[in-house]
2 protein chains.
Amino acid sequence: MAEAGRTERQTMKTKETVRAAPALPLNTILDGDCVERMRALPDASIDLIFADPPYNLQLKGELHRPDNSRVDAVDDAWDRFDTFATYDAFTKAWLTEARRLLKPHGAIWVIGSYHNVFRLGAELQNQGFWILNDVVWRKSNPMPNFRGKRLTNAHETLIWASKEEGAKYTFNYEALKALNEGVQMRSDWVIPICTGHERLKDEAGDKAHPTQKPEALLHRVLVGTTKPGDVVLDPFFGTGTTGAVAKMLGRDFIGIEREASYRAHAEKRLARVRRFDSDALEVTTSKRGEPRVAFGVLVERGMLRPGEELWSLNGRHKAKVRADGTLVAQDVKGSIHQVGAHLEGAPSCNGWTYWHFRREGQRVPIDVFRQQIRAEMRAG
Amino acid sequence: MAEAGRTERQTMKTKETVRAAPALPLNTILDGDCVERMRALPDASIDLIFADPPYNLQLKGELHRPDNSRVDAVDDAWDRFDTFATYDAFTKAWLTEARRLLKPHGAIWVIGSYHNVFRLGAELQNQGFWILNDVVWRKSNPMPNFRGKRLTNAHETLIWASKEEGAKYTFNYEALKALNEGVQMRSDWVIPICTGHERLKDEAGDKAHPTQKPEALLHRVLVGTTKPGDVVLDPFFGTGTTGAVAKMLGRDFIGIEREASYRAHAEKRLARVRRFDSDALEVTTSKRGEPRVAFGVLVERGMLRPGEELWSLNGRHKAKVRADGTLVAQDVKGSIHQVGAHLEGAPSCNGWTYWHFRREGQRVPIDVFRQQIRAEMRAG
DNA sequence: GCGAAGATTGAATCAATGA
DNA sequence: TTCATTGATTCAATCTTCG
């Protein structure tokens, strides 16, 4: 259907433009270098580009977990660049082609981590792309920081940009609002990393690709910023998450991937994918339980001050709040639960209902602050 | 005290260096241009920099190149280039001074939105700063997107970086873990925007500063990445959130702010702030700071006897204690760590938590003896 | 610079086990 | 058979410090 429409349009073009505008290789995976392959595609032919370029992680030695198992890191040749200058030149080259390929009302998504995303974002701006949002993919199950030397790296960043300032772009506001329980979709998306059945494995049972993206992420991108029938280009196709989700959602895709083994996995995967019935696009939203609130957050927010005294339920014990959200009593320090249990000689203690602060002569349980924070979290 | 120490050191210096190392203007707000003011401060004198640079530079109408030549009216492309170039030059200038001011084990935090954070991050990397994490401040109560044309912009990005690759830095792992319900602090922080009593207002009741940061954000930054007594510099001080939280937490600060009205608000605010009790500022510490204990000391003290058998964590291996504090198993002898690693075929092993002795049918880790000795050392 | 001590993990999937 | 529990495994990682 879409194929026929395109052919018809082509026949109406003049000789000069026909040469510059060959038929698009829709729903196929092109092999080879992404810049070269993009060069062969016609100007202003693509509605959306989703690009997950190498992150240039710069990992050094081996890393082991506390149980001594080895972390299977990204050590592929395609992720190694000598210098930032080399990486920047690579970024500039593929973004230049990407911009040429975009229709005037097209848009681009790129994804990266702190290793590369600042360079991606700066080059997007340098080339005249107009950033619409940066989006944080908050991983519900990230890999921990095993050595305890930094924060757990629990997110990646996406940048969504139109071709230039003032250009139109597709944004399905209501669809995203529906995906978000009836309130505006925010710039932070909580999505689990790709595991389980969705994660492609090779014959040996190892992961087929070190950085396979979850389909839920692409689902949100494509539902939110493309229309059915749009052409989506992924110049770093990998095992084809973009293509798989595009096919499910009734969008056309073009993939470029130079690693033969990734292409093979992607081909097999795409053959299995079925396009959704249009009424099957409803989303399942998982109800979560009440979010956990750390006592320390009350201190950070100034609801309780470091040094302030808390009183036990029965008024017999008191403890002092510390800056990191632990308590210190006469002969013990620890969490609100630990200190309460110790003072009562009990095996456990719910610190939230046990500890009280004083306001105007009254003892008030600290749990009122937790409820307040939860209300804010729900609002957000 | 610190002041005295500095003076003493100065008197020992030669004439040339005295001029370059004046006493630090601790706990004051300097007025004027941040780059000029930073130039007057001595090398390697600051422990932490927190910077919230402007991104809405009012360039329109008086646009000048870095060399101070005026920019003529030009087409959009030139305008765009010059705008970014000017912003980049500004960023480069203040980051260069910032890096010079940092102690070798110092660190920097910068905060920005998608308008400027990619340029900040790229320039940090270009100058040789080593990014430790990017952190997402996820706002629980962001401003909605009224036009429904984009995603609700619900976060800002912070970048935490050390002075260079391999440099030490302060990271209070256990304190942040305590602040997060006992699990590792992640790179996404949920904190409300600054409203209510905390939000400073002018005489007319309007907000005193357009982008006042919440104290909770600075609380987490300073608890997590500074020590009491550290010197914290904020080159874009605004209404002084950094200074206020630093003072509460027993850190020294230096602020730079060119707007007189912001300085006035900050001065009033700082006068109101009370420092927390010093025992409230103590923070849960890591085992890494504890003194080392030789395993042989346990044998010397008779806690374990030569010839006594120890069992591995999983109960599969055993080894015998020798009088010199080494272990001997079937085919290997050496330290508690070496023997454990060998038996498990692991690259390394923490013998303190791996090896257990038997008491009344129970397996108890030898680490309990180490803790006992450490307690004695603290008491003695 | 090198060798050794010793500090360090959260959420989720899936298979095996037991009730 | 079903369900709860336990253990093994895995995830884009710029992941130590002291003598």
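Every chain is numbered from 1 and lettered A, B, ... according to where its sequence line falls, protein lines coming before strand lines.
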[N] [atom2] sits how many Å from [X] [atom1], rounded?
X: B:E344; N: C:dG6; atom1: CD; atom2: P; value: 18 Å
X: A:R138; N: C:dA11; atom1: CZ; atom2: C1'; value: 14 Å
X: B:Y354; N: C:dA5; atom1: OH; atom2: C1'; value: 17 Å
X: B:R292; N: C:dG3; atom1: CZ; atom2: C1'; value: 12 Å
X: A:D67; N: C:dG6; atom1: CG; atom2: C1'; value: 16 Å

Looking at [X] and [Y], would you say the former's side chain and the latter's main chain have a donor-acceptor pair under 3.5 Å?
X: B:N172; Y: B:T226; answer: yes
X: B:T225; Y: B:L222; answer: no
X: A:R65; Y: A:R70; answer: yes

Have [X] and [Y] got a donor and an acceptor in their side chains that come within less than 3.5 Å?
X: B:S286; Y: B:E174; answer: no
X: A:H155; Y: B:D134; answer: yes
X: A:D324; Y: B:T284; answer: yes

Tell me which residues in [range] lie within less than 4.0 Å of DNA chain D, going by non-hydrogen atoms.
range: residues 164-178 of chain B; answer: B:K168
range: residues 196-208 of chain A; answer: A:R199, A:K207
range: residues 140-157 of chain A; answer: A:N141, A:M143, A:P144, A:N145, A:F146, A:R147, A:K149, A:R150, A:N153, A:E156
range: residues 114-124 of chain A; answer: A:Y114, A:H115

Q. Is any side-chain N or O of B:H337 closer than 4.0 Å to OP1 or OP2 of C:dG6?
A. yes

Q.
With a 4.0 Å limit, can you tell me whether B:S348 has a side-chain N or O closer than that to the phosphate oxygens OP1/OP2 of C:dG3?
A.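 It does not, given that no N or O in the side chain of B:S348 lies less than 4.0 Å from OP1 or OP2 of C:dG3.
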
How would you list, by chain and number, every residue that makes a side-chain hydrogen bond (donor to acceptor under 3.5 Å, both in side chains) with [X], sequence neighbours excluded?
X: A:R80; result: none
X: A:E259; result: none
X: A:H115; result: A:S113

**Q.** Secondary-structure notation, DNA chain C, from Watson-Crick and G-U pairs under 3.5 angstrom (| other strand)
**A.** .||||....||||||||||

For the [atom1] atoms, the ones on [N] and on [M], what distance do you get once it is rounded to whole angstrom?
N: C:dG1; M: D:dT16; atom1: C1'; answer: 16 Å
N: D:dT14; M: C:dA12; atom1: C1'; answer: 26 Å
N: D:dA12; M: C:dC14; atom1: C1'; answer: 23 Å
N: C:dT9; M: D:dT10; atom1: C1'; answer: 12 Å
N: D:dC15; M: C:dG6; atom1: C1'; answer: 15 Å

Closer than 4.0 angstrom, basic N to acidic O: yes or no for [X] and [Y]?
X: A:K213; Y: A:E198; result: no
X: B:E308; Y: B:K320; result: no
X: B:R370; Y: B:D367; result: yes
X: B:R316; Y: B:E344; result: no
X: B:K92; Y: B:E123; result: no

(Q) Check the orientation of B:W160 and B:W109. Use parallel for under 30°, tilted for 30 to 60°, and perpendicular for over 60°. (A)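 Because their plane-to-plane angle is under 30°, the rings of B:W160 and B:W109 count as parallel.
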
Q) Are B:F129 and B:S162 close enough that some pair of their side-chain heavy atoms sits under 4.5 Å apart? A)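 Sidechains of B:S162 and B:F129: no contact.
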
Q: Count the heavy atoms belonging to other residues, nucleotides or ligands that lie under 6.0 Å from NZ of B:K318, then report whether that count exceeds 12.
A: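 It does not: B:K318 NZ has 12 such atoms or fewer within range.
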
Look at all strands and tell whether [X] reaches a base, only sugar-phosphate, or nothing, counting heavy atoms closer than 4.0 Å.
X: B:I131; result: base
X: A:D75; result: nothing
X: A:N56; result: nothing
X: B:R370; result: sugar-phosphate
X: A:P53; result: base
X: B:C349; result: base
X: B:G351; result: nothing
X: A:S69; result: nothing

**Q.** Stepwise side chain to side chain donor-acceptor pair (under 3.5 Å) test for A:R199 and A:T195
**A.** CA-CA 5 Å; A:R199 188 84 197 221; A:T195 57; over 6 Å; no

Q.
Syn or anti for D:dT14, given that syn means the glycosidic angle lies within 90° of 0?
A. syn

Q: Would you mind telling me which residue lines up with the more 5' stretch of DNA chain C, B:V183 or B:N350, judged by nearest nucleotide?
A: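 Closest to the 5' end, via its nearest nucleotide, is B:N350.
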
**Q.** Upstream residue (5' side of DNA chain C) when A:T195 and A:N68 are each assigned their closest nucleotide
**A.**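 Its nearest nucleotide being more 5', the pick is A:N68.
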
Q | 5' to 3' contact window, DNA chain D with chain B (heavy-atom distance under 4.0 Å) | A |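 So the contact region on DNA chain D extends D:dT14 to D:dC18.
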
Q: Specify the residues of residues 84-92 of chain A, ordered by number, for which at least one heavy atom lies under 4.0 angstrom from an atom of DNA chain C.
A: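 None, since no heavy atom is under 4.0 Å.
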
Q. Looking only at heavy atoms, which two atoms of A:R119 and B:Q125 are closest? And how far apart?
A.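 So the minimum-distance heavy-atom pair works out to NH1-OE1, 2.9 Å.
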
Q) Taking all non-hydrogen atoms of both residues, which atom of A:A154 and which atom of B:D188 are closest, and how far apart? A)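 Reported closest heavy-atom pair: CB-OD1, 3.9 Å.
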
Q) With sequence neighbours excluded, what pairs up with A:H209 under the side-chain contact (heavy atoms from CB on, under 4.5 Å) test? A) A:W78, A:T211, A:T239, A:Y262

Q | All side-chain contact (heavy atoms from CB on, under 4.5 Å) counterparts of A:R263, not counting sequence neighbours | A | A:I29, A:D31, A:E257, A:A260

Q: Begin with the C-alpha distance, continue with both residues' side-chain angles, and end with the deciding distance and a verdict on side chain to side chain donor-acceptor pair (under 3.5 Å) for B:H105 and B:D47.
A: CA-CA 7 Å; B:H105 298 172; B:D47 294 291; over 6 Å; no

